Amino acid sequence: MEKLSYQDVNHHVIERCKEGDNRAQYELYKLYAKAMFNVSMRITNDYAEAEDVLQEAFVSAFKNLHAYKAEASFGSWLKKIVINAAINAIRKRRSELVPMDERTLVDVADEASDDDTEWQVETVRRAIQKLPDGYRIVLSLYLLEGFDHAEIGEILGITESTSKSQYSRAKKKLLEIMKKPQFSV
């Protein structure tokens, strides 16, 4: 059976990059930098560190462009590099995921009604930034980047159930932060 590859809309730019064309590299950078910076920022929660991660990820991507097999979009491939670089930056800070208790996990029901949850995007973004690294990373990877818990577990080197637990705790903590009277835009 013949294996089909994904045809990226920017394949011509990618091919020029593989040939060492610096202008094509800059063009590819301009196409993806903003989105990849946002991914990095959501994970690192630090502007300067997110910029460093972005640069490191692009250097790594250009250096390893020969490994891109066009089985998915270039953006997906690059996003994985950015996520891994951001997580490595967090690890360098020696931050660890909040340890999981040995007790039975219970799903935390959302405590707010629909009327109470009409928060502005900026308020939610600021509240997410206040989460501990472990919570913020799992929440961002699950909700914002679309990874499932098995994938998150693989990326972070944790079990799927730990990822689910971190996500549940992150939601609960996020609601606590947002319900504080002093927390507002």
Side-chain angles (χ1 to χ4, degrees), residues 29-58 73 75-76 78-101 103-185:
Y29 178 85
K30 286 189 330 188
L31 286 169
Y32 291 96
K34 186 175 181 179
M36 296 304 132
F37 174 79
N38 289 335
V39 169
S40 178
M41 185 66 188
R42 284 192 292 266
I43 294 172
T44 63
N45 200 30
D46 180 90
Y47 193 90
E49 193 169 36
E51 286 180 326
D52 290 345
V53 163
L54 179 69
Q55 297 308 315
E56 178 185 322
F58 269 100
S73 72
S76 296
L78 181 60
K79 183 191 275 189
K80 287 181 182 178
I81 294 172
V82 171
I83 288 169
N84 287 329
I87 290 169
N88 287 338
I90 295 286
R91 286 183 179 144
K92 285 179 187 172
R93 275 197 251 152
R94 300 194 187 276
S95 295
E96 297 180 358
L97 291 172
V98 176
M100 183 176 142
D101 294 339
R103 58 193 157 134
T104 307
L105 299 176
V106 179
D107 288 338
V108 177
D110 291 338
E111 299 171 7
S113 70
D114 288 339
D115 294 337
D116 296 335
T117 58
E118 292 183 15
W119 296 303
Q120 295 179 0
V121 172
E122 180 62 20
T123 303
V124 174
R125 186 191 64 76
R126 285 184 47 232
I128 290 172
Q129 288 177 334
K130 292 188 178 297
L131 290 172
D133 287 341
Y135 289 170
R136 190 184 65 256
I137 291 168
V138 171
L139 184 87
S140 294
L141 290 176
Y142 186 78
L143 281 182
L144 306 174
E145 304 306 331
F147 289 97
D148 64 33
H149 291 293
E151 293 169 320
I152 294 169
E154 187 177 313
I155 290 168
L156 298 177
I158 60 177
T159 66
E160 184 176 347
S161 64
T162 299
S163 175
K164 289 177 181 178
S165 171
Q166 292 290 322
Y167 176 68
S168 177
R169 292 175 184 182
K171 288 192 311 183
K172 184 176 181 180
K173 182 72 172 173
L174 189 61
L175 286 171
E176 288 173 14
I177 291 169
M178 294 185 74
K179 285 184 176 184
K180 289 182 180 177
Q182 70 272 19
F183 188 80
S184 61
V185 180

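None of the values given here were measured: they were computed from a predicted structure.
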Could you tell me the separation between the NZ atom of Lys92 and the CG atom of Asp52, rounded to the nearest 0.5 Å?
-> 9.5 Å
Looking at Gly75 and Tyr32, what are the two nearest heavy atoms and their distance?
-> CA-CE2, 3.6 Å
Looking at CD of Gln166 and CG of Asp133, how far apart are the two atoms once the value is rounded to the nearest 0.5 Å?
-> 11.0 Å
Spatial distance of atom OG1 (Thr44) from atom CD (Glu51) [nearest 0.5 Å] = 10.0 Å
Any chance you could lay out the side chain to side chain contact (heavy atoms under 4.5 Å, CB included) test for Tyr167 and Leu141, step after step, and finish with the verdict?
-> CA-CA 10 Å; Tyr167 176 68; Leu141 290 176; over 6 Å; no
Would you give the length of the straight line joining atom NZ of Lys179 to atom CG of Leu174, rounded to the nearest 0.5 angstrom?
-> 11.0 Å
Atom pair OG1 (Thr159) and CD1 (Ile152), whose distance is rounded to the nearest 0.5 Å | 11.5 Å
Quick one: pull up OH in Tyr135 and OG in Ser168 and give me the separation to the nearest 0.5 Å.
-> 9.0 Å
Do Tyr29 and Leu54 have side chains that get closer than 4.5 Å, going by heavy atoms?
-> yes
Non-hydrogen side-chain atoms of Lys171 and Leu175 separated by less than 4.5 Å = no
If you look at every heavy atom in Val82 and Val53, which pair is closest and at what distance?
-> O-CG1, 3.8 Å
After noting the C-alpha distance and the side-chain angles of Met41 and Gln129, does the key distance pass the side chain to side chain contact (heavy atoms under 4.5 Å, CB included) rule?
-> CA-CA 10 Å; Met41 185 66 188; Gln129 288 177 334; 4.3 Å; yes
Which atom of Ala86 lies closest to which atom of Ile43, heavy atoms considered = CB-CG2, 3.6 Å
Between Glu154, Glu151, His149, which is the residue that forms a side chain to side chain contact (heavy atoms under 4.5 Å, CB included) with Glu160?
-> His149
When every non-hydrogen atom of Ala57 is compared with those of Ile81, the smallest separation belongs to O-CG2, 3.6 Å
Neighbour count above 12 (heavy atom, 6.0 Å) for Lys79 NZ | yes
Within a strict 4.5 Å, meaning less than it, do heavy atoms of the Leu156 and Val138 side chains meet?
-> yes
Neighbour count >12 (heavy atoms, 6.0 Å) for atom CD, Glu176 = yes
Side chain Arg136, main chain Arg42, donor-acceptor under 3.5 Å = yes
All heavy atoms of Ile155 vs all of Arg91, minimum pair found to be O-NH2, 3.8 Å
